[in-house]
Number of protein chains: 2
Amino acid sequence: MASRRFDPERRDRIIDAALDVIAAQGVAGASHRKIAEHAGVPLGSMTYHFVSMDELLTEAFRRFANSIADRFDQQFGEAADVDGARQAVVDLIHLDLLDSQRDLVLTHELYTLAARKPVFRQITRDWMARSRRALGLHFDPETCRMLDALIEGLFIHAALDTEPHDRATAVEAVARITTPIKTRPARETKEPNLT
Amino acid sequence: MASRRFDPERRDRIIDAALDVIAAQGVAGASHRKIAEHAGVPLGSMTYHFVSMDELLTEAFRRFANSIADRFDQQFGEAADVDGARQAVVDLIHLDLLDSQRDLVLTHELYTLAARKPVFRQITRDWMARSRRALGLHFDPETCRMLDALIEGLFIHAALDTEPHDRATAVEAVARITTPIKTRPARETKEPNLT
DNA sequence: CAGCCATGCGTACGATCGTACACATCGTTG
DNA sequence: CAACGATGTGTACGATCGTACGCATGGCTG
């Protein structure tokens with residue numbers, strides 16, 4: 001029953017290599033051969049360790065989602081109060097996530113798969129659940145959902161936009177979305193842009 | 001100089017067929033052959049009308065983005081005042097967009113391409129610019145950016161989530177994000193979720 | 001120490017792909 | 001009316017892919 005030539009790191013390295021290749025070439029360009037080469041393993045190892053490509057992709061994206069969620073948890077675990085949590089949200093958008101094009105690419109690749117295949121949708125759902133749980137430490141459930149959606153949108157737009165992602169705008173947006181509307185007077189917008 | 005056997009609809013049909021195939025199979029599964037078959041044209045027509053696959057994809061996604069932006073413009077053009085605009089936002093999320101899985105899939109496919117290739121990023125940027133211009137009819141520029149991001153996030157999450165997309169939550173979220181923070185008293189959240 | 005079998009790998013097969021290119025078709029022109 | 005050239009198509013080539021499968025390897029057992 002003891003392991004013979006068993007190398008448990010091998011499987012992990014393949015998964016990591018898969019994420020690297022996907023980040024660089026996309027799911028479409030990620031072939032068994034490319035991943036094997038990048039991981040430094042023979043082609044035969046692919047089908048030996050993973051019965052199909054889908055299994056490899058599933059495990060890879062599960063790992064990716066968990067790694068992001070870990071950072072999420074960490075940030076909010078460190079936040080002392082609500083204002084700290086708000087700060088953490090802004091930091092996540094502007095530092096942790098935006099810096100790495102890699103995360104953006106992988107996120108979109110995952111969402112694309114999730115939009116079509118239930119297996120991957122489950123991964124995104126679990127991810128969202130973890131995010132909301134982290135937010136739930138500081139905000140009420142309804143606010144969590146709004147805030148989670150806002151983070152998603154700000155992240156995406158900040159990454160797709162040219163460059164001028166204004167931190168002040170993110171701060172204001174987070175402040176608005178986390179403050180219940182009932183407590184404020186109805187006030188219209190400042191100056192509509194005509195034309 | 002006059003057209004001989006020229007059939008201008010042919011090219012359009014190919015583009016529409018491309019979007020259909022992409023929606024069904026993804027960019028990865030969209031081959032010249034499948035698109036040709038779906039469009040009812042011979043394989044040779046593909047390389048005749050489009051020098052490369054990228055050109056076809058570019059035109060297809062440009063058309064897709066414009067069609068969505070058209071609906072956007074229409075909704076906000078019809079809105080009479082700010083409250084009408086807020087209503088329009090909620091409607092866009094809950095009726096126009098959410099109904100069609102097709103739009104979600106195509107949007108993600110486009111974003112995935114945009115995350116990697118500048119050509120497609122330009123398409124998304126133009127799309128975002130049009131969206132913000134439409135929002136700018138009723139809201140100030142900063143609010144437009146926040147609201148645009150919120151719409152993006154709500155749309156994505158509503159589509160990836162199981163089902164329970166609460167309209168009331170969207171209404172509240174839109175109300176919060178469109179009301180400047182300065183006018184409200186600092187008020188914490190209701191009841192944090194511990195555990 | 002000999003042989004067996006779990007473990008892992010090299011290679012080849014059939015399918016599918018993008019693209020090139022020779023050829024068919026037919027309106028136009030001289 | 002003949003033939004030319006613009007317009008469109010059928011087919012074949014080389015590359016790449018996922019996967020299957022027979023063989024190498026070497027630790028364990030008797």
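Below, read A as the first sequence line, B as the second, and so on, with proteins coming before strands; counting in each chain starts at 1.
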Next on the checklist: Please enumerate all residues that pass ring-ring contact (aromatic ring centres under 6.0 Å, His included) together with A:Phe61, with sequence neighbours excluded.
Outcome noted: none
Item to check | Ring geometry between A:Phe76 and A:Phe72 (parallel below 30°, tilted from 30 to 60°, perpendicular above 60°) | outcome: tilted
Checklist entry - So B:Tyr111 and A:His108, would you call those rings parallel, tilted or perpendicular, with 30° and 60° as cut-offs? => result perpendicular
To the nearest Å, how far apart are [X] [atom1] and [N] [atom2]?
X	N	atom1	atom2	value
B:Glu55	C:dT19	CD	C1'	14 Å
B:Leu56	C:dT19	CG	C1'	14 Å
A:Arg11	C:dT7	CZ	P	14 Å
B:Met53	D:dT16	CE	C1'	16 Å

Next on the checklist: Quick test of your reading of the model: are A:Arg102 and A:Asp20 salt-bridged, counting only N-O distances below 4.0 Å?
Outcome noted: yes
Checklist entry - Contact class for A:Met46 vs. all strands (heavy atom < 4.0 Å): base, sugar-phosphate, or nothing? => result nothing
Checklist entry - Any side-chain N or O of B:Tyr48 less than 4.0 Å from the OP1 or OP2 oxygen of D:dG8? => result yes
Checklist entry - Near DNA chain D, under 4.0 Å by heavy atom, which residues of residues 31-45 of chain B? => result B:Arg33, B:Pro42, B:Leu43, B:Gly44, B:Ser45
Item to check | Reported CD-to-CG distance for the pair B:Glu109 and B:Leu19, which is rounded to 0.5 angstrom | outcome: 11.0 Å
Checklist outcome for this item: salt bridge (Lys or Arg N to Asp or Glu O under 4.0 Å) pairs touching residues 51-61 of chain A, sequence neighbours excluded, are A:Arg11-A:Glu55, A:Arg11-A:Glu59, A:Asp54-A:Lys117
Show every donor-acceptor pair shorter than 3.5 Å between a side-chain atom in residues 22-44 of chain A and any protein atom, with sequence neighbours excluded, or say none if there are none.
from: A:Ser31; atom 1: OG; to: A:Lys34; atom 2: N; distance (Å): 3.2
from: A:Lys34; atom 1: NZ; to: A:Gly29; atom 2: O; distance (Å): 3.0

Next on the checklist: Using the side chain to side chain donor-acceptor pair (under 3.5 Å) criterion, which residues pair with B:Thr112? Sequence neighbours excluded.
Outcome noted: A:Thr112
Checklist entry - Reading DNA chain C 5' to 3', how would its secondary structure be written in dot-bracket notation, given Watson-Crick and G-U pairs with both distances under 3.5 Å, brackets [ ] for crossing pairs and | for partners on other strands? => result ||||||||||||||||||||||||||||||
